Visitor: 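To start, I am sharing the structure in question, which I have written as structure tokens.
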Amino acid sequence: MTLICKAENIDNDIAVLNKAAEIIRSGGLVAFPTETVYGLGGDGLDPKAAQKIYAAKGRPSDNPLILHISHTDELKPLVKEIPKSAEKLMERFWPGPLTLIFKKADIVPYEVTGGLDTVAIRFPQNSIARKFISLCGRPVAAPSANSSGRPSPTRASHVEFDLKGKIDMIIDGGHCEFGLESTIVDVSKDRPCLLRPGSVTVEMLEDMLGGIDIDKAVTSKLEAGERPKAPGMKYTHYSPSAKVIIVRGNEENVVNKINQLVSQTDKCLKTGVIASEETKDRYIADEVLVTGSRSNTAEIASNLFKMLRKCDHHNIDVVFAEGLPENELGLAIMNRLKKAAGYKIYDV
Ligand code: AMP
Ligand code: MG
């Protein structure tokens, strides 16, 4: 059975958070809100809890988990060294939507790191997440709380849909502020390298570090046989059941091309468009799902996964998504959209 409890305020809802922490300490699984997406938490130092997380998500066990901490002091025992570049990034972006990859200390089980000698660490900003992790008294291993391959959950109802009956508890803390998974930077090598774009943008990272390498898989599809730096990159991600196709270019061309593609689609299929506030009234598809204004990429990011999930609830067969320029937050949004689309893109 899965217990579902609301928690919006750390003082009023402390009993819920104590209960959740007790479940973690006794080896169970709890989904909890963060500022990025909901996480599926288990005891980060217990190999059995890690195995339970993989089983509940249906996630391949070579796709590593992120360890969540509630204070910077909790980092040291988990890693071999803290490079200068990491110190700078932590100072500026922790707590917040940035995960750092370090060389792992011996106490971190290989079950958590997918067999790697490195470990991913995040110090989230969300107050419910922080209080919950601190009450656990240990790092909390947590991937996104979705079934493997589905869009990440940004509402407790998304977690419930994917994982009810498979985990012990869901803490419902409302919707996630950023709505895209954390930015991941590998600081375990000589030069910091971006492995996953997120709400801490490349421009912000460059500003702090002077320069940063960007892994090829951030923007393009890996060729067959190519080994990704972040193991998660080789798996399909974020896909609704609908076929997703991206159309990018100037606004006028995008609208025209999408309407042309809709009109050419088999009439037995239900069509959808993932559109912006500015263009929503111009489409002829069966359903138009609006993520936000083109001038507000934060709004688009926070609604993207909800709209991908809506495609399934509305039984849409083919959905056309408006592309965005790949700078600032647009890079992270397009990274998720491209994966959802299996890199099917029209440039117009
Ligand atoms: P999720 O928590 O579902 O957003 O997935 C966590 C992602 O973090 C994984 O898919 C990996 O790509 C990445 N990750 C976690 N640990 C490591 C690591 N040690 N090295 C590289 N990437 C990692
Ligand atoms: Mg995930």
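In what follows, residues are counted from 1 in the order of the sequence shown. This one's a predicted model, so the numbers in the text were calculated from it and none came from an experiment. Counting starts at 1 for both ligands and their atoms, in listed order.
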Visitor: Ligand 1 versus I184, non-hydrogen atoms closer than 4.0 Å: side chain, backbone, both, neither?
Guide: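 I184 to ligand 1: side-chain contact only, backbone stays beyond 4.0 Å.
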Visitor: With distance as the sole criterion, is a donor-acceptor pair present between the side chains of Y38 and N146 under 3.5 Å?
Guide: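 No, because no side-chain N or O of Y38 sits under 3.5 Å from a partner of the opposite role on N146.
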Visitor: Would you mind running through ligand 1 and noting each atom that sits below 4.0 Å from a heavy atom of A120?
Guide: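 Listed by number with element, the hits are 15 (C), 16 (N), 17 (C).
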Visitor: Would one find an N or O of R196, backbone or side chain, under 3.5 Å from an N or O of ligand 1?
Guide: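 In this structure, R196 places an N or O atom under 3.5 Å from an N or O of ligand 1.
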Visitor: Grouping I, L, V, M, F, W and Y whenever their side-chain heavy atoms are under 4.5 Å apart, do I274 and I345 come out in a common cluster?
Guide: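 The answer is yes; both residues are in one hydrophobic cluster.
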Visitor: Indicate yes or no: does an N/O atom of E181 lie under 3.5 Å from an N/O atom of ligand 1?
Guide: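 No, no N or O pair falls under 3.5 Å.
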Visitor: Going by the order shown, which atoms of ligand 1 are within less than 4.0 Å of some heavy atom of N63?
Guide: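 Counting atoms of ligand 1 from 1, those under 4.0 Å from N63 are 9 (C), 10 (O), 11 (C).
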Visitor: Tell me, please, if S152 has any N/O/S atom, main chain or side chain, under 2.8 Å from the Mg ion (ligand 2)?
Guide: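 No.
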Visitor: Using a 4.0 Å heavy-atom threshold (strictly under), name the region of R59 that reaches ligand 1: side chain, backbone, both or neither.
Guide: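 Side chain only.
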Visitor: Between T118 and ligand 1, find which residue part has any heavy-atom pair under 4.0 Å and reply side chain, backbone, both or neither.
Guide: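 Both backbone and side chain.
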Visitor: Could you list which atoms of ligand 1 come closer than 4.0 Å to a heavy atom of S144?
Guide: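 Under 4.0 Å from S144, ligand 1 has these atoms: 1 (P), 2 (O), 3 (O).
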Visitor: Check each atom of ligand 1 against the heavy atoms of L116 and keep those under 4.0 Å away; list them by number with element.
Guide: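 Reading through ligand 1 atom by atom, the close ones are 18 (C), 19 (N), 20 (N).
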Visitor: Counting distance only, does the side-chain N/O of S26 pair as donor-acceptor with the main-chain N or O of E22 below 3.5 Å?
Guide: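 Yes.
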Visitor: Is a side-chain donor-acceptor pair under 3.5 Å present for Y346 with Q260?
Guide: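 Distance-only check fails for Q260 and Y346.
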Visitor: Using side chain to side chain contact (heavy atoms under 4.5 Å, CB included) as the criterion, point out the one residue from D286, V273, L269 that pairs with V318.
Guide: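 The single option meeting the side chain to side chain contact (heavy atoms under 4.5 Å, CB included) with V318 is L269.
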Visitor: Quick one: sort the F32 and H68 rings into parallel, tilted or perpendicular, breaks at 30° and 60°.
Guide: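 Perpendicular: the ring planes of F32 and H68 meet at over 60°.
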Visitor: To which of G39, P64, A145 does the heavy atom nearest atom 17 (C) of ligand 1 belong?
Guide: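 The option holding the nearest heavy atom is P64.
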Visitor: Checking T183 side chain against V200 main chain: does a donor-acceptor pair fall under 3.5 Å?
Guide: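 Yes; judged by distance alone, with no hydrogens or angles, the pair exists.
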Visitor: Does T113 come within less than 4.0 angstrom of ligand 1, counting non-hydrogen atoms of the residue?
Guide: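 Flag not set, T113 not near ligand 1.
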Visitor: Please tell me whether T99 and S182 have a donor and an acceptor in their side chains that are separated by less than 3.5 angstrom.
Guide: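 A donor-acceptor contact under 3.5 Å links the two side chains.
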Visitor: Could you walk me through whether T113 and T118 pass the side-chain contact (heavy atoms from CB on, under 4.5 Å) test, one step at a time?
Guide: CA-CA 7 Å; T113 67; T118 51; 6.0 Å; no
Visitor: Should the proximity of K104 to ligand 1, defined as any heavy atom under 4.0 Å, be assigned to the side chain, the backbone, both, or neither?
Guide: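 Contact part for K104 vs ligand 1: neither.
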